[in-house]
Amino acid sequence: MSSTSHLHGLNPEQREAVLQTDGPVLVLAGAGSGKTKMLVHRIAHLIRSKKAEPSQVLAVTFTNKAADEMRERVRAFAGDAAKDVVISTFHSLGVRILREHGARLGLPRRFAIYDTRDQLGALKTATSEIHIDDDRFDLARVLRRISDWKTRGVTPERADREVAAEAMKGNRTDEYDLLSAQAYGRYEEVLRACGAVDFDDLLLLPVRLLEEDEETRRAVWKRWRYIMIDEYQDTNGVQLDMARHLAGARRNLCVVGDDDQSIYAFRGADVSNILDFEGHFPGARVIALEQNYRSTKRILQAANAVIAGNAHRHPKSLRTENPEGPPLDLYEHEDDALEAETVAKEIGLRRYRNATAWKDYAVLYRTNVQSRVLEETMREKNVPYRVVGATGFFERREVADGVAYLRAVAHPADEIAIRRIINTPTRGIGRTTIFRVIELARERGRTFCGMLRRISDEDVGTAQAKAIRGFEALLDRARKSLDEAEARSAHFPPGTGLPPIAEWAMDLFRDRTGLIDSVKEDEHRVINLKDLVGALARYERRRWSEKPDAGEEWEPPTLHDALARLALDSEEDDKDDDEQDAVVLMTLHSAKGLEFDEVFLVGLEEGILPHSRSLVDEEGGAGALAEERRLLYVGITRARRRVTLSRCTQRRRGGETVECLPSRYLEEIPAELVTVKTAEQILTPEESAELKKNFFRDMKELLAE
DNA sequence: CCAGGGGTCCTTTTT
DNA sequence: GGACCCCTGG
């Protein structure tokens with residue numbers, strides 16, 4: 001077999017990118033240009049041409065969703081030979097490196113991973129300890145500042161010096177800068193004392209290891225010989241460093257991305273990483289994928305017109321051989337309730353007329369709050385929908401409590417988790433007692449958790465001390481029974497019932513802690529807790545299904561590992577799998593990388609898109625507006641067949657009604673591509689009757705099932 | 001000292 | 001729907 005015979009089905013650009021396996025390569029992949037297909041072929045080519053063992057190939061993505069999808073497609077295309085290829089997110093890769101080599105940085109073998117909520121808790125501990133009145137400050141803002149330093153690799157000492165230097169020069173220093181610099185160091189200490197790392201650390205610490213530790217470096221270079229990075233335009237400074245270290249002297253690095261789809265500057269992503277790739281990796285080949293396979297000509301023209309307004313871009317021009325397609329629609333509504341209603345009606349009508357499925361339609365918005373009205377209206381009109389992303393499963397109070405219990409058991413030093421559940425359900429340990437414990441811990445130079453373990457009747461009241469001892473005993477017993485559950489889970493494949501760790505968790509929530517009992521008046525909350533147990537069960541089964549055939553190393557399922565995955569994969573909750581037939585609601589950010597037949601882009605107004613925060617220029621500068629434009633570009637290019645835009649002249653925000661002006665980007669779309677409509681035009685009385693009949697029929701079908 | 005009820009404010013985008 | 005605060009009653 002010739003080594004290139006499997007490349008048919010690719011266009012010449014894609015083929016060139018696949019075959020370019022030595023040295024650094026930048027693939028500028030326009031929207032809808034089949035870049036995932038190209039990556040899948042590239043992986044297969046590396047294996048088939050015997051350039052690398054499957055396990056020496058590493059593909060890095062940003063989201064678990066993207067990793068899952070690529071894994072699936074690689075397996076479908078290249079079969080079992082490719083199952084050892086490592087496809088991982090940056091953060092999971094970080095966990096992997098830290099588990100193996102983190103001890104060199106003094107990290108415990110089983111560290112906790114803190115999400116934003118936990119980070120805020122840790123920051124609050126940190127600021128209260130240095131006697132900063134936290135009421136006056138928005139800690140989320142302080143945290144963003146700290147995170148910003150971390151993603152740029154700035155240490156607390158350097159942050160302190162920089163801020164002090166600015167103040168010395170008499171520059172107007174933000175009091176937030178001063179506070180953040182002070183809090184930063186203490187925040188890091190709190191994390192270490194809790195045996196925890198935050199999301200930034202998952203990138204930062206592995207890079208530090210790769211820089212400072214020869215052994216880690218050698219291990220990584222030995223392990224992976226061909227590196228691929230998807231969505232490269234979203235990398236930040238630390239991720240660029242990681243890319244450099246992973247590639248090493250071999251520089252077999254292939255990055256794929258589209259600078260026009262860079263939408264994560266707010267979390268440190270730096271477009272210049274992709275714009276200056278040839279500077280960072282001299283001698284790099286640059287290949288552009290400019291053929292679009294996804295959208296109609298009109299959609300592409302509209303998208304191109306919008307993005308053309310941005311100055312600093314890699315020049316490229318997308319073309320397509322797809323049909324012209326219908327014009328884009330633009331609705332102008334009186335308010336957001338009417339907007340939602342029209343979207344729901346339109347989808348119902350079009351689905352009926354075109355005999356399409358609910359899941360062919362997506363509604364995209366700039367901010368999560370916008371989903372509220374849409375959800376209400378969809379429910380009202382019996383349109384099945386699915387909200388992707390935020391206010392997710394893990395943010396529900398009871399689920400967060402459940403997870404905190406799991407963490408309190410798995411990580412005895414995890415102060416944030418323990419403080420969250422020490423009095424849920426209430427067991428007589430109130431605020432005053434907690435403050436007393438914090439005070440005592442400081443006086444005696446102990447950690448909060450250490451203090452809890454040694455509390456005496458004289459330290460707090462007798463009743464309180466008893467309650468604390470009871471709580472500690474509860475955790476101890478839970479730890480012992482977890483050991484047994486993990487032992488069973490390691491030795492026996494899961495049967496039909498709940499696997500051991502999941503069963504243990506169920507027992508913990510139901511009997512040991514009374515958590516389920518405390519929420520039993522709300523059926524939903526009980527179900528959510530059971531779903532959390534279900535997530536553990538799925539984890540255990542998956543772990544077993546990944547067990548290699550013989551001899552090879554395999555990590556049996558553990559609660560600690562399950563928690564790490566849960567923390568990194570917020571989508572873990574889509575138990576009712578992706579294939580359910582429902583309209584998809586999500587933010588423009590979540591939509592990147594996806595495609596739909598029809599896309600509704602709502603809220604195209606000044607203040608929403610572009611978002612008001614990008615106008616006031618906190619630290620984003622002029623770049624913020626360019627990023628808003630890219631968001632719209634991403635939104636438009638998600639559609640295969642049809643795009644419907646809408647805006648409102650009024651919108652309810654909080655309690656009051658505010659006036660809205662059309663988004664500045666709307667007038668940049670050539671008028672001949674757009675049909676302007678008003679809500680009255682969509683449905684004639686006959687159509688509306690037709691629609692009703694349709695719903696009736698659906699209901700009947702549903703009941704028949 | 002603790003629990004629970006009833007106000008207030010707020011919400012850019014995410015691993 | 002949250003997180004947070006203040007108030008009341010045990």
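With respect to E231(A) and K35(A), a salt bridge is recorded, a charged nitrogen being found less than 4.0 Å from a carboxylate O. Electrostatic pairing of E472(A) and R469(A) does not count as a salt bridge here, judged by no charged N lying under 4.0 Å from a carboxylate O.
The cationic group of R379(A) does not satisfy the cation-pi geometry with Y385(A), failing either the under 6.0 Å distance to the six-membered ring centre or the 45° limit from the ring axis. Relative to the ring axis of Y633(A), R630(A) does not place its NZ or CZ within 45° and under 6.0 Å from the centre.
The aromatic ring of H91(A) does not sit over the base of dT15(B); the criterion of centres under 5.5 Å apart with planes under 30° is not met. The aromatic ring of F266(A) is stacked on the base of dT13(B), with the two ring centres less than 5.5 Å apart and the planes inclined by under 30°.
Per the geometry, NZ belonging to K150(A) stands 18 Å off P belonging to dT15(B), to the nearest Å. If you take OH of Y365(A) and C1' of dT14(B), they are 14 Å apart, rounded to a whole angstrom. Rounded to whole Å, atom C1' of dC4(C) lies 13 Å from atom CG of L120(A). Taking atom CG on D68(A) and atom C1' on dT15(B), their separation rounds to 14 Å, with Å as the unit. When rounded to the nearest whole Å, the span between CG of D522(A) and P of dG1(C) equals 8 Å. One interatomic measurement links the two molecules: CD1 of I422(A) to C1' of dC1(B), which rounds to 15 Å at whole-angstrom precision. The separation between D200(A) atom CG and dT15(B) atom C1' is 9 Å, rounded to whole Å. Rounding to whole angstrom units, CZ of residue R397(A) and C1' of dC4(C) are separated by 14 Å.
Take the nearest nucleotide of DNA chain B for F199(A) and for G428(A): the residue whose nucleotide is more 5' is G428(A). Between L631(A) and R427(A), the residue anchored closer to the 5' end of DNA chain B is R427(A), taking for each the nucleotide with the nearest heavy atom.
Note on S590(A): a side-chain N or O is less than 4.0 Å away from OP1 or OP2 of dT14(B). Residue R144(A) has no polar side-chain atom (N or O) positioned under 4.0 Å from OP1 or OP2 of dT12(B). Here K65(A) does not reach the OP1 or OP2 of dT14(B): none of its side-chain N or O atoms lies under 4.0 Å away. The side chain of N368(A) contributes an N or O atom lying less than 4.0 Å from OP1 or OP2 of dT13(B). Here T426(A) does not reach the OP1 or OP2 of dC2(B): none of its side-chain N or O atoms lies under 4.0 Å away.
Contacts of R420(A) with the nucleic acid, taken as non-hydrogen atoms under 4.0 Å apart, are absent. Residue R117(A) is classed as a sugar-phosphate contact, given heavy-atom separations below 4.0 Å to backbone atoms only.
In the set dT14(B), dG1(C), dT12(B), the nucleotide with an atom closest to the side chain of R613(A) is dT12(B). Relative to the side chain of N423(A), the nucleotides dA3(B), dC2(B), dT11(B) differ in distance, and dA3(B) lies closest. Here the nucleotide nearest the side chain of Q464(A), chosen from dC1(B), dT14(B), dT11(B), is dC1(B). Closest to the side chain of T587(A), out of dA3(C), dT12(B), dT14(B), is dT14(B). Set against dT15(B), dT12(B), dT14(B), the side chain of Y264(A) has dT14(B) as its closest nucleotide. Checking dT15(B), dT14(B), dA3(C) against every side-chain atom of T116(A), the shortest atom distance belongs to dT15(B). Checking dC4(C), dT13(B), dT15(B) against the side-chain heavy atoms of R267(A) singles out dT15(B) as nearest. Picking from dC2(B), dT12(B), dT15(B) the nucleotide with the shortest atom distance to the side chain of T432(A) gives dC2(B).
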Pick out the pairs of N or O atoms, protein on one side and nucleotides 6-10 of chain C on the other, that lie under 3.5 Å.
none

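Between the side chains of D401(A) and T424(A), no donor-acceptor pair is found at a separation under 3.5 Å. Looking at Y539(A) and D561(A), their side chains do bring a donor and an acceptor atom within 3.5 Å of each other.
Checked against L588(A) for a side chain to side chain contact (heavy atoms under 4.5 Å, CB included), the options I263(A), L609(A), V634(A) give a single hit: L609(A).
Within 3.5 Å, a donor on the side chain of R366(A) pairs with an acceptor on the base of dT12(B), or the reverse.
Counting only distance, with no hydrogens or angles, the side chain of N423(A) and the backbone of T426(A) share no donor-acceptor pair below 3.5 Å. Looking only at distances, a side-chain donor or acceptor of S88(A) sits under 3.5 Å from a matching main-chain atom of L93(A).
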